[in-house]
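First up is the structure itself, then whatever we jot down about it.
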2 protein chains.
Amino acid sequence: MTPGRAVRTTLEYALIGLIRQMPRSGYELRKVFVETAMAGYSGSPGAIYPALRRLEADGLIQGTKQPGERGRPRREYRLTPAGEAVLQEWLAQPVTRDDVALRLDELMLRFAFLAYAADSTRRTLEFLESLEAHLEALLVDLHQQIEAVDAASRHVPITHARLALEAGISSIADRLRWAREARARFSTTGGKE
Amino acid sequence: MTPGRAVRTTLEYALIGLIRQMPRSGYELRKVFVETAMAGYSGSPGAIYPALRRLEADGLIQGTKQPGERGRPRREYRLTPAGEAVLQEWLAQPVTRDDVALRLDELMLRFAFLAYAADSTRRTLEFLESLEAHLEALLVDLHQQIEAVDAASRHVPITHARLALEAGISSIADRLRWAREARARFSTTGGKE
DNA sequence: CTCGGCATGTAATCCGTTACATGATTCT
DNA sequence: AGAATCATGTAACGGATTACATGCCGAG
């Protein structure tokens, strides 16, 4: 059985994935969040360092003091076999409807790290297929909701609420297009070429 | 000065806006979150009822026992003048870059309630203009990041990370198109017609 | 030897989640 | 009276935010 709790926070998974990419220190990890599009998974020290401590306490990562070239020595973390197992388990998780509707960004994080999955290409294709199916279903739902909004406000020409809903619909449709094209690319190249 | 803390949680603003639309009970508010696209602002009772208590304690909403037709009587909340003031203050907030990059969904919530802003049409246009400007800037940034990714992984044909980044870019571009069209519609009709 | 910048950490506070418990009314 | 249902509440817990504090090294 895996050490620590069964389910981890999004931030923890983000850290695990980044460390899997290459061994890194807390400071480097923080810079990734601050400087790249991965902001939003939070880069505050008050979140990262405790999370790293938890992961190390649960044996998923291991830190080694790295005599820095200048300044205070960094503590470089690398993934343990247990950590690799947790990563694989996460990547193998099915894509649920709630994931798509409520936590799409965590899903995209998972997609990004699907590169490290065992049998990566197959898993990636499955992931995208499932994502597409749920996005399609969601679109149907949202179109029904927009009809409800229209019915409720017959006289008013454009309500803010309707426009906001349209933004949501458009964004789902956009992601669906993305998924289809991504899958097409993976299907032809097999992810390798 | 306004009672209570200066800044409120997204959930609280969502509640304030919905109550502004029409007086509602906690149960009704919960249904809105569960049944509509507003899920994601959380609909758990453990979040809603305490939030309503906070708002009432701070004098932003006022609940009155409403003898229900069946079942336990509902507690119907309506906005107080202080609550209206807080709502207006929130709606008048400038659109910052961090809002756009990190909290786009809260921004869309604000947009939806901009219908209730004093001088709604003008504020809406300003909101959209500012949103567009920040989205454009963000797009430039993200395109630079994708070049960095390309430089880092020259040989590999499609990396998952690059695809995930493309999804983000596409989604920002999509929202930008939405904002432009929304503004066009508001400009011509003046939001009324 | 202290200054400044790199790197890590911590303390207070607060909100949301989950799961459970309770209140109030009608129907049978 | 009890069941069913509508509606509200609460208790335990954990993690994120914010703001601050500390450690360690080289340069001057």
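Lettering follows sequence order; numbering is per chain, from 1. This one's a predicted model, so the numbers in the text were calculated from it and none came from an experiment.
- The CG-P distance, from A:L52 to C:dA7, rounds to 15 Å in whole Å.
- For A:E181, the salt bridge (Lys or Arg N to Asp or Glu O under 4.0 Å) partners at least two apart in sequence or on another chain are A:R185.
- The stretch residues 92-109 of chain B has no heavy atom under 4.0 angstrom from DNA chain D at all.
- Among residues two or more places apart in sequence or in another chain, the side chain to side chain donor-acceptor pair (under 3.5 Å) test is passed with A:T80 by none.
- Listed nucleotides D:dA16, C:dC15, C:dG9 differ in distance to A:R53; the shortest reach to its side chain belongs to C:dG9.
- Each of B:V100, B:D99, B:L176 was checked for a side chain to side chain contact (heavy atoms under 4.5 Å, CB included) with B:L131, and the lone residue meeting it is B:V100.
- Under the salt bridge (Lys or Arg N to Asp or Glu O under 4.0 Å) criterion, A:E132 pairs with A:R183, sequence neighbours left out.
- Under the side chain to side chain donor-acceptor pair (under 3.5 Å) criterion, B:T36 pairs with no residue, sequence neighbours left out.
- With sequence neighbours left out, A:R24 forms a side chain to side chain donor-acceptor pair (under 3.5 Å) with A:Q21.
- Residues satisfying the side chain to side chain donor-acceptor pair (under 3.5 Å) test with B:Q88, not counting sequence neighbours, are B:E84.
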Could you tabulate the donor-acceptor pairs under 3.5 Å formed by side-chain atoms of residues 105-115 of chain A, not counting sequence neighbours?
from, atom 1, to, atom 2, distance (Å)
A:E106, OE1, A:T10, OG1, 2.9
A:R110, NH2, A:Q93, O, 2.6
A:R110, NH2, A:P94, O, 3.3

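- Side-chain atoms of A:R72 and base atoms of C:dA7 include a donor and an acceptor less than 3.5 Å apart.
- Protein atom CZ of A:R24 is 14 Å distant from nucleotide atom P of C:dA7, rounded to whole Å.
- Rounding to whole angstrom units, CZ of residue B:R75 and C1' of C:dG23 are separated by 14 Å.
- For residues 135-146 of chain A, the pairs satisfying side-chain hydrogen bond (donor to acceptor under 3.5 Å, both in side chains) are A:R97-A:D141, A:E136-A:R180, with sequence neighbours left out.
- Here the nucleotide nearest the side chain of A:R54, chosen from D:dG15, C:dA24, C:dT8, is D:dG15.
- Between the C1' atom of C:dT8 and the CD atom of A:E76 lies a distance of 15 Å, rounded to the nearest Å.
- In this structure, B:E56 contributes its side chain and B:G63 its backbone to a donor-acceptor pair below 3.5 Å.
- Against DNA chain C, the stretch residues 26-51 of chain B makes heavy-atom approaches under 4.0 Å through B:S42, B:S44, B:G46, B:A47.
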Name the pairs: protein N/O against N/O of nucleotides 2-4 of chain C, kept only if under 3.5 Å.
none

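- Here A:R30 pairs with nothing under the salt bridge (Lys or Arg N to Asp or Glu O under 4.0 Å) rule; sequence neighbours left out.
- With rounding to whole Å, A:L55 atom CG is found 15 Å from C:dT8 atom P.
- The side chain of A:L11 sits closest to D:dA16 out of C:dG16, D:dA16, C:dA24.
- The CD-P distance, from A:Q66 to C:dA7, rounds to 12 Å in whole Å.
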